[in-house]
Amino acid sequence: SGDVIVTKAVPASVLKSEDMIAFLARKCTRPKDMKDVADWVKKNFSERLLLHERAEDMLSGSDARETDTGLVLDALEYLAEEFYDMQFHGLGKDDANLRSSKKYGRPFEFTPVSEMTYNDSGLYSQYHVSYKKDGRGKPVDRPLDMHIKCGNTSPFLVRIYFFLDKEDKKIVVGSLPGHLGTITFG
């Protein structure tokens, strides 16, 4: 008596075959070294995803050297594809999770960063990036008010902090791949 394994097919409307082919083609061009991630993101997702200068600099830091490059690339691609489509094209969370499971073999968890954390005076510089200029030509600090969480221990711990630029329809990544500071009470 053999067990029958039933898998749920991903509806064509969720993941079209041409999208899967494009994903697999990109996967073949993925960099092996973290220092090449920024160029890969620009080449593949410049219309949707922007790595802030600070995030680019972090790709050569010790956190980056100790983190699985493939997992960081999966998380960035998830941001540029599934998360972007949820934010700007009405893709539902369940459908995004189906796509994610098919493409990356896992879901990604995204959560808001609390206002208390990103406005804490001791953490302000970690959770804000200068982005665009105001009417007087001065840079505007934007909070990294969302993050993607993957894993719990190195090399499979990834945190990517970002915000949505709704005007330009872009996701702006300001910090990766490690955990930023948190408020402790006590």
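Please read these numbers as outputs of a predicted model, since none were measured by experiment. Values below: every heavy atom of this structure, side chains too, minus hydrogens, waters and symmetry copies.
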Residues that D165 engages under salt bridge (charged side-chain N to carboxylate O under 4.0 Å, His left out), provided they are two or more places apart: K132

Test item: K170 side-chain N/O and S46 main-chain N/O as donor-acceptor pair under 3.5 Å: yes

Flag, side chain of Y161 to backbone of L180, donor-acceptor distance under 3.5 Å: yes

Considering all heavy atoms, the nearest A75-I160 contact: CB-CD1, 3.6 Å

D85/R48 salt bridge by N-O under 4.0 Å criterion: yes

Worked verdict on V158 versus L176 for side-chain contact (heavy atoms from CB on, under 4.5 Å): CA-CA 7 Å; V158 173; L176 78 161; over 6 Å; no

Residues in side-chain contact (heavy atoms from CB on, under 4.5 Å) contact with E47, at least two apart in sequence or another chain: none

Minimal non-hydrogen separation, Q126 against L144, with atom names: O-CD1, 3.8 Å

CG on L98 to CD on E82, rounded to 0.5 Å: 10.5 Å

Pair E81 + R26, salt bridge at N-O below 4.0 Å: yes

Closest approach of L73 to P31 (non-hydrogen atoms, all atoms of both residues): CD1-O, 3.6 Å

Check ion pair K42-E56 (N to O, under 4.0 angstrom): yes

Salt-bridge criterion met for K27 and E77 (N-O under 4.0 Å): no

Any side-chain donor near an acceptor of the partner, Y131 and E53, under 3.5 Å: no

R106 to F108 six-membered ring, cation-pi geometry met (6.0 Å, 45°): yes

Ring centers of Y118, Y124 separated by less than 6.0 Å: no

Backbone of V113 reached by a side-chain donor or acceptor of H147 within 3.5 Å: no

For V72 against M34, the heavy-atom pair lying closest together: CG2-CE, 3.8 Å

All side-chain hydrogen bond (donor to acceptor under 3.5 Å, both in side chains) counterparts of D74, not counting sequence neighbours: R30

Centroid separation F23 to Y104 less than 6.0 Å: yes

Salt bridge (charged side-chain N to carboxylate O under 4.0 Å, His left out) involving K169 - partner list, sequence neighbours excluded: none

Non-hydrogen atoms of Y127 and G181 that approach each other most closely: OH-O, 2.6 Å

Note, P112 side chain near M146 side chain (heavy atom, < 4.5 Å): yes

Exam field: side chain R65 to backbone L59, donor-acceptor pair closer than 3.5 Å: no

Centroid-centroid under 6.0 Å between F162 and H52 rings: no

Heavy-atom side-chain contact between I148 and Y78 under 4.5 Å: yes

Sidechain N-carboxylate O distance under 4.0 Å for D134, R136: yes

Stepwise side-chain contact (heavy atoms from CB on, under 4.5 Å) test for S175 and R54: CA-CA 7 Å; S175 178; R54 184 172 86 183; 4.1 Å; yes

Results of side-chain hydrogen bond (donor to acceptor under 3.5 Å, both in side chains) for T69 - residues two or more places apart only: none

Non-neighbouring partners of D120 that pass side-chain contact (heavy atoms from CB on, under 4.5 Å), sequence neighbours left out: L123, I183

Verdict with supporting geometry, L71 and C150, side-chain contact (heavy atoms from CB on, under 4.5 Å): CA-CA 8 Å; L71 185 55; C150 312; 4.3 Å; yes

